[in-house]
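Computed from a predicted model, the values in this text were never measured in an experiment. Per chain, numbering begins at 1; letters A, B, ... match sequence-line order.
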Amino acid sequence: MTVRVRYAPSPTGLQHIGGIRTALFNYFFARAQKGKFILRIEDTDQERSSEEALEDLYATLEWLGVEWDEGPIVGGPHGPYVQSERFELYQEYAEKLVSEGKAYRCYCTSERLEKLRAEQIANKSEQQGYDRHCRDLTQEERAALEQAGIPSVIRLKVPLEGKTTFNDLLMGPITRRNCDISPDPVLLKSDRFPTYHLANVIDDHMMEVTHIMRAQEWIPSGPLHILLYEAFGWETPTYCHLPMVMGSDGQKLSKRHGSTAVKDFRREGYLPEALLNYVSMVGWSYDSEREFFTKDELCELFSLEKINKSPGIFDYKKLLWYNGHYIREKSDAELAKLLIPYLEASSFIKSPPSQEEIKRVNEIVPLVKERLKVLSDVTELTRFLFEEIAPPQVEELLPKKQDAPTTLKALKGAYGYLKELEVEGVEAVEAKLMELANTLEVKVNGVFMPIRVAVTGSHVSPPLFDSIRLLGYEKAFSRIERAINILENEVHNE
RNA sequence: GUCUCCAUCGUCUAGUGGUUAGGACAUCGGGUUUUCAUCCCGGCAACGGGGGUUCAAUUCCCCCUGGAGAUGCCA
């Protein structure tokens with residue numbers, strides 16, 4: 001039997017870390033087993049589903065390089081793969097359960113249910129949830145309510161006694177007494193759309209899904225779904241509940257922990273390789289040695305046995321580390337292409353950039369490559385090359401434990417040598433600056449730092465000679481002259 | 001409240017009935033370097049508690065504790 005798995009998101013928000021982790025595990029499992037990966041859109045919540053969310057889903061999967069074998073856009077033998085387009089099917093199956101006495105119509109208003117719930121919470125009642133008010137209405141009562149045109153929902157008649165068990169691939173057997181299962185959950189809402197429980201079971205069966213891999217938050221409704229399969233007389237699929245992804249405080253990962261939308265990570269300049277690799281390591285590991293995996297490698301090596309049981313905390317710092325690694329792995333040409341949009345957004349270069357600008361970006365790449373954690377870091381790292389910098393403060397120009405007169409001497413002396421840079425070459429000038437430091441009896445840094453601050457406006461920058469070259473000698477020299485003036489003023493005023 | 005699940009360094013994890021409990025991130029220290037970063041070397045750091053089973057438990061069982069999730073006409 002070939003493996004068939006699915007990712008079935010509801011398009012009610014941007015794709016987030018937890019969602020794509022589930023998508024990825026399903027996808028890797030399908031590929032590793034030479035099975036099929038199905039995408040299904042669960043848009044049964046008419047209120048919250050949005051076109052924007054759907055577009056975000058497609059964009060995210062494409063960015064990650066996750067392609068589906070069956071689903072919207074590509075089609076397949078069990079379509080449609082969008083639940084709102086399968087509307088009639090759910091009516092049919094829900095009615096079937098009603099006519100067989102396995103489900104019933106409930107006429108309770110949401111006001112009544114809300115009041116009921118509020119009371120249960122206030123009384124700390126042992127019985128939480130629906131009170132099965134409509135479960136045993138007589139024929140006459142039902143007829144009267146129908147006559148009066150009272151809207152209804154369809155609820156599952158959960159057995160009052162006995163217990164239900166399903167076998168989870170990871171957890172082992174999970175059992176719940178039927179009286180503990182959600183009391184008669186709604187299957188068909190008053191707008192006639194199915195709830196998750198109904199649609200999910202029908203579709204997984206119709207689409208011949210063999211393994212249901214979803215987050216552990218679904219464990220409690222596992223037995224309920226089994227009841228549904230049994231009510232329909234269908235064979236149950238294999239379940240595998242994936243460990244959840246948590247925030248740093250151990251709670252379910254959410255916006256308050258930081259970015260969770262894939263879109264946000266993408267905008268900040270995370271690479272799909274890095275996000276995919278890191279996310280896959282939360283809840284799964286290959287062995288104790290290996291931490292880097294490409295998508296193709298995971299498609300080959302992924303296995304259910306190595307999934308962890310316990311929830312994992314999403315570590316933003318480790319993701320950053322992965323991202324830096326993958327940035328450094330890029331060729332200069334590839335990285336330049338990735339960086340250009342960020343430089344455009346900062347108005348450092350035109351959009352689209354000129355040939356000259358592209359050439360310059362290519363020269364900049366090797367200087368910033370090993371300094372980038374995310375692509376957007378390029379802005380602050382290279383700002384001094386594209387924009388005028390504020391005149392440095394005296395304190396900024398002074399290296400640690402070095403006074404203004406000495407620093408002025410160093411900078412002036414250095415400037416004399418730097419002037420010859422184009423003719424003499426980097427090595428010769430470098431040697432002379434070292435010698436200068438020696439003569440002035442200061443550390444090498446005592447000569448280099450003032451130049452760096454003068455040229456880049458910061459103590460932190462790409463390598464100095466490269467920075468000067470890329471900035472252009474004229475501009476660099478005028479910035480040094482300005483710094484010399486600042487120091488001279490300082491020295492004379494004392 | 002009730003139900004279900006989980007439990008190795010701060011974090012992600014490897015692992016075994018007998019190990020100096022291994023790796024990675026983070027952190028700290030050192031080296032390379034004109035700064036930062038990269039890179040290299042090293043340090044700190046874990047089997048939640050209590051009972052069993054056993055010659056021996058981090059490992060198997062039970063209880064407790066702690067954490068999480070579910071308890072919707074959301075998924």
Side-chain angles (χ1 to χ4, degrees), chain A residues 8-10 12-13 42-45 47-49 106 108-110 113-114 117 120-121 123-130 151-155 168 170-171 174-177 179-183 185-197 199-200 214-223 241 243-244 246 248 250-252 278 281-291 306 308-322 324 328 368-373 381 399 430 433-434 437 443-449 451-453 456 458-465:
Chain A
S10 65
T12 53
E42 307 220 329
D43 57 346
T44 55
D45 186 335
E47 289 284 300
R48 300 195 306 149
S49 294
C106 165
C108 293
T109 61
S110 43
L113 296 176
E114 267 166 43
R117 199 171 5 245
Q120 287 169 339
I121 292 169
N123 301 339
K124 294 185 175 169
S125 163
E126 235 172 80
Q127 178 66 48
Q128 299 268 336
Y130 184 51
S152 63
V153 301
I154 291 177
R155 289 181 181 272
D168 188 277
L170 243 59
M171 305 296 166
I174 291 173
T175 303
R176 265 186 109 166
R177 290 179 305 179
C179 61
D180 290 327
I181 291 176
S182 174
V186 172
L187 300 179
L188 207 66
K189 303 183 260 190
S190 55
D191 64 1
R192 315 231 303 146
F193 273 87
T195 58
Y196 170 80
H197 303 299
N200 166 266
R214 51 155 49 159
Q216 277 171 8
E217 58 190 334
W218 289 108
I219 287 181
S221 34
H241 287 92
M244 312 228 312
M246 316 299 249
S248 48
Q251 311 270 108
K252 203 165 148 182
Y278 175 61
M281 295 301 122
V282 180
W284 185 86
S285 67
Y286 181 67
D287 59 21
S288 58
E289 298 286 297
R290 236 178 120 171
E291 57 235 355
K306 291 183 176 289
N308 228 274
K309 279 183 175 186
S310 43
I313 291 173
F314 188 79
D315 185 347
Y316 287 87
K317 285 190 172 168
K318 193 149 188 178
L319 205 216
L320 216 45
W321 173 73
Y322 269 105
R328 273 170 255 130
V368 297
K369 192 187 229 175
E370 62 200 21
R371 277 163 253 261
L372 297 173
K373 289 263 195 293
L381 231 35
E430 192 176 1
L433 293 186
M434 304 273 214
K443 287 183 180 165
V444 174
N445 193 38
V447 173
F448 280 89
M449 190 52 83
I451 309 172
R452 182 184 310 284
V453 174
T456 71
S458 169
H459 286 87
V460 174
S461 82
L464 187 55
F465 291 111

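With a 4.5 Å cut-off on side-chain heavy atoms, A:Ser182 and A:Tyr130 do not count as touching. Residues A:Thr195 and A:Lys189 meet the side-chain proximity criterion, which asks for heavy atoms closer than 4.5 Å. Residues A:Pro220 and A:Arg176 have side chains in contact (heavy-atom distance under 4.5 Å, counting atoms from C-beta outward). Here the side chains of A:Leu433 and A:Ile451 are in contact, with some heavy-atom distance below 4.5 Å.
Judged by Watson-Crick or G-U wobble contacts below 3.5 Å, the nucleotide B:G10 has B:C25 as its partner. When both pairing distances are held under 3.5 Å, B:G48 makes a Watson-Crick or G-U pair with B:C64. Nucleotide B:C74: unpaired (no Watson-Crick or G-U wobble partner with both distances less than 3.5 Å). Using Watson-Crick or G-U wobble geometry with both donor-acceptor distances under 3.5 Å, B:U34 finds no partner in any strand shown.
If A:Asp180 and A:Pro194 are placed on RNA chain B by their nearest nucleotide, the residue sitting closer to the 5' end is A:Asp180.
Remark: A:Glu430 engages A:Val426, A:Met434, A:Phe448, A:Phe465 in a side chain to side chain contact (heavy atoms under 4.5 Å, CB included) (not counting sequence neighbours). Take A:Pro462 and apply the side chain to side chain contact (heavy atoms under 4.5 Å, CB included) test, not counting sequence neighbours, and it matches A:Leu367, A:Phe384, A:Ser467. Under the rule for a side chain to side chain contact (heavy atoms under 4.5 Å, CB included), the partners of A:Lys318 that lie at least two apart in sequence or sit in another chain are A:Tyr278, A:Asp315, A:Trp321, A:Tyr322. Shown here are the side chain to side chain contact (heavy atoms under 4.5 Å, CB included) partners of A:Pro151, two or more places apart in sequence or in another chain: there are none.
The CD1-P distance, from A:Ile181 to B:U2, rounds to 19 Å in whole Å. If you take CG of A:Asn308 and C1' of B:C5, they are 14 Å apart, rounded to a whole angstrom. If you take CG of A:Asp287 and C1' of B:C12, they are 14 Å apart, rounded to a whole angstrom. As rounded to whole Å, 18 Å separates atom P of B:C12 from atom NZ of A:Lys306. Atom CD in A:Glu291 sits about 7 Å away from atom P in B:A24, given to the nearest Å. The CG-P distance, from A:Asp43 to B:C74, rounds to 13 Å in whole Å.
Across all strands, A:Asp168 comes closer than 4.0 Å to no nucleic acid atom at all (heavy-atom distances). In this structure, A:Gly283 reaches the sugar-phosphate backbone alone: every heavy-atom distance under 4.0 Å involves primed, P, OP1 or OP2 atoms, never a base. Here A:Tyr278 lies out of heavy-atom contact (under 4.0 Å) with every strand. Here A:Thr175 lies in heavy-atom contact (under 4.0 Å) with sugar-phosphate atoms only. Among the heavy atoms of the strands, none lies under 4.0 Å from A:Thr12.
Distance noted for atom C1' between B:A26 and B:C9: 12 Å (whole Å). Remark: the separation of the C1' atoms in B:C44 and B:C28 is 7 Å, to the nearest Å. B:U59 and B:U19 are spaced 12 Å apart, taking the C1' atom of each and rounding to whole Å. Comparing B:A57 with B:C74, their C1' atoms are spaced 46 Å from each other, to the whole Å. Comparing the same atom, P, in B:U71 and in B:U38 gives a spacing of 44 Å after rounding to whole Å. Taking atom C1' on both B:G72 and B:G17, the two are 48 Å apart, rounded to the nearest angstrom. Spacing of P atoms, B:U58 relative to B:U8, comes out at 15 Å, to the nearest Å. With C1' as the reference atom, B:C60 and B:U16 are 13 Å apart, rounded to whole Å.
Rounding to the nearest 0.5 Å places NE2 of A:His241 at 7.0 Å from CD1 of A:Ile174. How far CD of A:Glu47 is from CG of A:Asp191: 8.5 Å, rounded to the nearest 0.5 Å.
Under 3.5 Å, the side chain of A:Lys318 and the base of B:A26 form no donor-acceptor pair of N or O atoms.
Here the closest heavy-atom approach between residue A:Leu464 and residue A:Arg452 is recorded as CD1-CA, 3.7 Å.
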- Query: How would nucleotides 57-73 of chain B be written as a contact map, 5' to 3', with B for base contact, S for sugar-phosphate-only contact and - for no contact, using protein heavy atoms under 4.0 Å?
  - Reply: -----------SBS-SB
- Note on the structure: Per-nucleotide protein contact along nucleotides 35-44 of chain B, 5' to 3', at a 4.0 Å heavy-atom cut-off (B base, S sugar-phosphate only, - neither), is BBBSS-----
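Comparing B:C25, B:C74, B:U11 by their nearest atom to the side chain of A:Ile313 picks out B:U11.
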